[in-house]
Amino acid sequence: MDFLTLAMDTAKSLGADYADIRIQKSSTEMIYLRNLSLKNTSLNELYGYGIRVFKNGAWGFAHNNVFTADAVNETVKKAFAIALESRRVKYEDGLVLAHERGYIDSYKTPYCLDPFDVPLGEKVEMMMEVNKTMLNFAEIKLAVFMLECRKDEKFFASTLGSRLDIQTLYIEPTITATAIAEGDSQSRTYSHGGQAKGWEWVQGLKLTDRAVQVAEEAIMKVHAGSLGAEERKTILLDPNHMALTMHESVGHPTELDRVLGWEADFAGISFATPEKLGNFQYGSEIVNFVANNTLEGGLATAGYDDDGVPNQKWYIIKDGILNEYGNTRATAPLIDLKMSRGCNRATNYFDFPINRIPNLYLEPGKEPLTPQELIADTEDGVYIEGRGSFSIDQHRVNFQFGGDMFWEIKNGKKVRPLKKILYKSNNPEFWNSVDAICDDRFFQTFGVTNCGKGQPGQRGRMTHGGALARFRKIRVGGSQ
Amino acid sequence: MITRQEMQKAAEFMKKHVSADDFSFTVTGAEDLLTRFAQNGITQHITGNKLNVNLNVAFDNKTGEASTNNLDEDALKYLIKTAESIAKLNQPDPEFISSEPAHDLPDVENYSQNTADLTVEKIVDDILKCVKNAEGKSAKLSGISEKRLNNSMLTTKNGFKGFDQFTSFSHSMTMKKEGVETKVAKSVKDHATFNMDKLIAQLNSQFDSLSNPVPMEKGRIPVILRPAAVLNWLFYLIWTFERRSADEGHTPYTDQIGKQFFGKDFSFYSTLDDPELNASKFVNGGIPAENIDWIRNGVIKNMRSDRYYANLKSHKALSPYNIVVDGGDSSEAEMMKMVKRGVIVNNFWYIRPIDRKVGEWTGLTRDGVLYFEDGKIQKSVTNFRWNEILHDATKRILAMGPVVQQEYYAKIPTLLIDDFNFVDVTTF
C-alpha cells in the first residue's frame, strides 16, 4: 500500500472528519556572490510529509521525514491526538470546511530549461561577469548577485479522494550595486522577483547589460539631491514598485484569515472587514484588482492549493469596490461562502497551510496610454521605480513607502534624479487617488518569494503586476 | 528527536568519508509543539521533529555546501557527493577561510527538563485559562504557545567539536475588544520560571488602561518605551551593527569604534553568566562564546563580524548570542513626573530602514499608546508612525527602569526618551 493511501485509511479508521497528507520534496539552490567572493554556493533538500486531521471542528497537524508504514501511522495518530486537544478550546461552534470534491490530477510549471540542469560553472561565470561589470565603475564599492532556484515536488491525498501530483519551480536573480561618495552610500537593484519560468528566462534578461544601468543609476543616486519638507504631489509608480504597494495594501488586507482576526497576535488584522464587501470604495473607478492563481508564470500558480482546491481567477476589487477575499476551506464558511477560492498554501512539508495572498495584479488601463504620454501629462511630480523602504500598520491602513530610484518630473519631463524620498498615505486615500493607468502593452509581473507570515514563520510566494500608474495629491518628501 | 550519539556517529562518518581539504559539518535537531489560537479558539496545532544536516566543504579555496533533513548513510553519502561536486565545479573564493580548530568551550546550561517534560494537555489547559480570562472581559484572545527542544553539533576537519542543546517555552497573547487591542509576550528557558497568572495580570492591566483611544497631534514628544518596544528596535540595530559594513562606509558606524557614538547611559552586552538567559557555547562556525560588551556607556566596544573579516583585520569574530540592555531604578510613575507630557508605548511594529547610511528607521506603535501629563495618565491615544535615527535617540535617554526578562534570550528595561520623532498619526 502506498503511504498516501495508508495515511488516509488510518485517519478514517481513527474517526477523522477529514484528513490530508502532503508528501513534499523541496530543492533550493542558492548562489550568493559579493564583490567576486562566493559567500554561499549551496543545494538544500527537504523531504518529508505533513498530515492534517480535522475532528469535531478542530485541527491537528503532525510532520515527519521517516518513510515507513509505522512512522506514517504514528504521525497520523499524533495529528489526531492533538486535534482532540485543540477541540477543548474550540473556535466558536467549531470550524466548518467549505464544500469540495476530490480530484485526480497533475500540474507542472511549464519551462524549457530546468535551472537545476544548468551547470554550476555556467551560472557562476555569468554572475562573476555581472559583478565585474559593476565593479568596473570606480564609485561602485559593493556588487552583489543573489541567485535562488527552487523546485517543489508534491504528492497530495485527502479523504475526499484527491490524488494530486504537483511540480512547481521558480528562479530569482537579484543584482545590486552600491555606490559610495560624498559621505553617502546608495544602492540600486534590478530584480523581477521570482518567476515560475525556466533558465531560458534568465538568459533573456541580459543581466550584464542591466548591470551597467544599475551601476550608473546607483552612482547617479548617490550624487542626487532630495526633496524638502513633505507636501502633496503627484506620484507615478512603476509596476515593480507597485508590486510591493499592492502586496502590502491590497493583498494582505484581503486575506480572509486576517480579516477574521486569526493573525491578530502577530501580523495584525485588516480594516477591510466583511460588512464592506460590495460597498466600500477601496480605489477609484479605474482600479480593478484581479486574483489569478491560473496566471502563467505566477508563483502561486500550482493547479491546486494545499486544501486540494483548484486554482481560480476572481476580482478582489472591481471598479474600485471591495469585491471578494482570498480564502481557504476553513475561512470561507465563516462569511457564509459555500466554496473556497483556494488560497491555502504551506512553504515546506512541516508547515501548516495558511491563508495566502493569491497572484494579484492591477488591471491595465482600458484606454491606450504609454508611459511617455503619462509623464508628458504630468506637470509636477515624482516618478518612483523599484522596491525600497516599506512599512504599514497592523490594520493595513496607514503606510509609508520609499523606492529604489526616484526622478523629479516638471512640466512633463523627468528633470533630475532624486534620493531619500518617502511618501505617506492611507489605503483608501491612496487607491482612490489613481487617475491614470497605462494600457496592457506595458503590463509587467513581479514575483514575491519572501512573504513572511504565520507562526512558526513561513516564506510565501505569489506574483503581482501592473502597468505604470499615476496617483494624485499624495504626501511626498525627503527623509530627515 | 535526533540524539547526540546519532549526531556523533554521523560526524565520524564525515571524518572518514569526506575527501575535501576542509569541511564543517552541522547537525541540528528540533522537537516542536506549537498551538496557535485566535478569536478564543485554537486554529492551528502542530507537532513534529525537524532535522537539518549541513555539510560545507572546500578543495583549496573552492567551496561547496549541501544540506538535507536525513541522517541515514545514503543521505550522508549524497551530502558528501553533492557538496564536493559543487566545490569542484566552483570558482575560487578569494575570501575563503579554513574551518576552526579545537577550542575549549564555556560551560553553559541551556537545557531545562521542566520544559522538556511539558505536556500538550498542560499547554492547552493554560490556553483555556487565558481564553476564559478574555471571555470574562467580553474580549477576543489570539496568540501562540510553543514548546521547543533543540540540539546541535558542529564538527570540523580541523578538530572543532561542539554540542549544545536548549529548551524554550514561549507564550504570547493579544486581547481585543472593539478599539482596544493589546499584547503581552514572554519566553523562558525553564518552564518552571514561567508564571501564567502574572502574564495574564499584565495583559489585563494593559487592557484596562486602554479605552476609546483618541487622536493626538504628531511631533517630537517624550516617550516611555516599555521593554517589548525596546527589544523590537534592538533587533534592527543589531542587523546593521556589523564591522565590515561600517568600515566600507554603508552604515553610520564608520570609524566610530572606541568612540562615544550612543548616549552615555546606553549599554548593551551579551553574557554567559546569567542562568536565566540562553547563551550559545559557540558562534560563527566554532568561535567560543564569551562575555561581550557591544556598547558600554555609549562607547562602541565591539561589532558583529564574521571569521573572514575578523581574520583580515585582526579582531575577534563575534555575534550577539543574547541581549542585555543595562537599566536603572526609575519606575514608570517617576518617569511620568520627569517630563511635562509624553506617551507610553507598549510595542513597535513594522520597523524598516529608511536610510541605512544615516541610521534612520521607521516604524509604528502597537498594542496601545497612553498619553500622560503632569505625572498622570490622561487618556489612551491612537497609534503613531515614527521616523527616528535610533542611535541619536539613545542620547536622549532621560531615565531607565529595572531590567526585566522579556524573552529567553533577552533582558531589557523600560526607557524614557526625550523628543521621540513621531511623524504621523494613524487612523486607529
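Numbers restart at 1 for each chain; the letters A, B, ... are given by sequence-line order, proteins then strands. Heavy atoms only: backbone and side chains are in, while hydrogens, waters and symmetry mates are out. Keep in mind it's a predicted model, so treat the numbers as computed, not measured.
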Considering only heavy atoms, which portion of B:Tyr78 lies under 4.5 Å from any heavy atom of chain A: side chain, backbone, both, or neither?
-> side chain
If you tally heavy-atom pairs under 4.5 Å between each of A:Lys424, A:Arg88, A:Glu230 and chain B, the highest tally belongs to A:Arg88
Compute the centroid of each ring, for B:Phe428 and then for A:His395, and state whether the two points are separated by less than 6.0 Å.
-> yes
Do B:Ser245 and B:Glu242 meet the criterion of a side-chain donor-acceptor pair at a distance under 3.5 Å?
-> yes
Give the member of A:Glu45, A:Lys90, A:Gln394, A:Glu85 that has the highest number of heavy-atom pairs under 4.5 Å with chain B.
-> A:Gln394
NZ/NE/NH1/NH2 to OD/OE distance under 4.0 Å, B:Arg385 and A:Asp393 | no
Cation over ring, A:Lys25 on A:Tyr349, under 6.0 Å and within 45°?
-> no
Check whether A:Pro119 gets within reach of chain B through its side chain, its backbone, both or neither, counting any heavy atom under 4.5 Å.
-> neither
Non-neighbouring partners of A:Lys141 that pass salt bridge (charged side-chain N to carboxylate O under 4.0 Å, His left out), sequence neighbours left out | none
Portion of B:Val131 that has a non-hydrogen atom of chain A nearer than 4.5 angstrom = side chain
Contact part of A:Thr178 toward chain B, heavy-atom cut-off under 4.5 Å: side chain, backbone, both or neither?
-> side chain
Compute the ring centroids of A:Phe390 and A:Phe401, then answer whether they are less than 6.0 Å apart.
-> no
Partner set under side-chain contact (heavy atoms from CB on, under 4.5 Å) for A:Phe67, not counting sequence neighbours = A:Phe3, A:Ile23, A:Tyr47, A:Tyr49
Honestly, the part of A:Ala267 sitting under 4.5 Å from a heavy atom of chain B is both
Residues A:Asp257, A:Lys453: salt bridge by 4.0 Å N-O rule = yes
Contacting moiety of B:Glu121, where chain A heavy atoms sit under 4.5 Å | both
Examine whether an atom of B:Asn40 lies under 4.5 Å from a heavy atom of chain A, and if so say whether it belongs to the side chain, the backbone or both; otherwise answer neither.
-> backbone
With respect to chain B, which residue among A:Ile180, A:Leu120, A:Ile82, A:Val124 yields the maximal number of heavy-atom pairs within a distance under 4.5 Å?
-> A:Ile82
B:Lys129 with B:Asp125: basic N within carboxylate O range, under 4.0 Å = no
Most heavy-atom pairs under 4.5 angstrom with chain B, which of A:Leu36, A:Ile392, A:Asp184?
-> A:Ile392
Structural part of B:Thr35 lying under 4.5 Å from a heavy atom of chain A | neither
Given the options B:Leu34, B:Thr68, B:Thr82, B:Asn90, which has more heavy-atom pairs under 4.5 Å with chain A than any of the others?
-> B:Asn90
Tell me, with the steps shown, if B:Phe420 and B:Trp386 meet ring pair (Phe, Tyr, Trp, His ring centres under 6.0 Å).
-> CA-CA 8 Å; B:Phe420 207 76; B:Trp386 51 267; 5.7 Å; yes
Looking only at B:Val120, B:Ile144, B:Leu141, the option with the highest number of non-hydrogen pairs under 4.5 Å against chain A is B:Ile144
Does the distance from a Lys or Arg side-chain N to an Asp or Glu carboxylate O, for B:Asp355 and A:Lys420, drop under 4.0 Å?
-> yes
Is there side-chain contact between A:Asn35 and A:Leu142, with at least one heavy-atom pair below 4.5 Å?
-> yes
Mind listing the closest non-hydrogen atom pair of A:Glu92 and A:Leu334 along with its distance?
-> OE1-CD2, 4.1 Å
Non-hydrogen atoms of chain B under 4.5 Å away: do they reach the side chain of A:Asn64, the backbone, both or neither?
-> neither
What part of B:Val423 is in contact with chain A, defined as an atom under 4.5 angstrom from a non-hydrogen atom: side chain, backbone, both or neither?
-> both
What part of A:Met30 gets closer than 4.5 Å to chain B, counting heavy atoms only: side chain, backbone, both or neither?
-> neither
Is it the backbone or the side chain of B:Ser85 that comes under 4.5 Å from a heavy atom of chain A, or both, or neither?
-> neither
Apply salt bridge (charged side-chain N to carboxylate O under 4.0 Å, His left out) to A:Lys132 and list each qualifying residue two or more places apart in sequence or on a separate chain.
-> none
A:Asp351 side chain to A:Asn348 backbone, donor-acceptor under 3.5 Å | yes
Which members of residues 259-266 of chain A, sorted by number, sit under 4.5 angstrom from chain B on a heavy-atom basis?
-> A:Leu260, A:Gly261, A:Trp262, A:Glu263, A:Ala264, A:Asp265, A:Phe266
Per-residue contact mode, B:Asn54 against chain A (heavy atom under 4.5 angstrom) = neither
Lys/Arg-Asp/Glu bridge criterion (N-O < 4.0 Å) met for A:Arg34, B:Glu95 | no
Per-residue tally against chain B (heavy atom, under 4.5 Å) across A:Gly94, A:Gly388, A:Ser42 peaks at A:Ser42
Presence of salt bridge, A:Arg396 and A:Glu248, under 4.0 angstrom = yes
One option among B:Asn383, B:Leu89, B:Ile354 has the most heavy-atom pairs under 4.5 Å with chain A, and it is B:Ile354
So which part of A:Asn40 gets closer than 4.5 Å to some heavy atom of chain B, the side chain, the backbone, both or neither?
-> side chain
Non-hydrogen atoms of chain B under 4.5 Å away: do they reach the side chain of A:Ala58, the backbone, both or neither?
-> neither
Among A:Gln186, A:Arg475, A:Glu125, which residue forms the greatest number of heavy-atom pairs with chain B at distances under 4.5 Å?
-> A:Arg475
Between B:Met173, B:Arg356, B:Arg244, B:Met175, which has the largest tally of heavy atom pairs under 4.5 Å with chain A?
-> B:Arg244
Please work out whether the ring planes of A:Phe430 and A:Tyr423 are parallel, tilted or perpendicular, with thresholds of 30° and 60°.
-> parallel
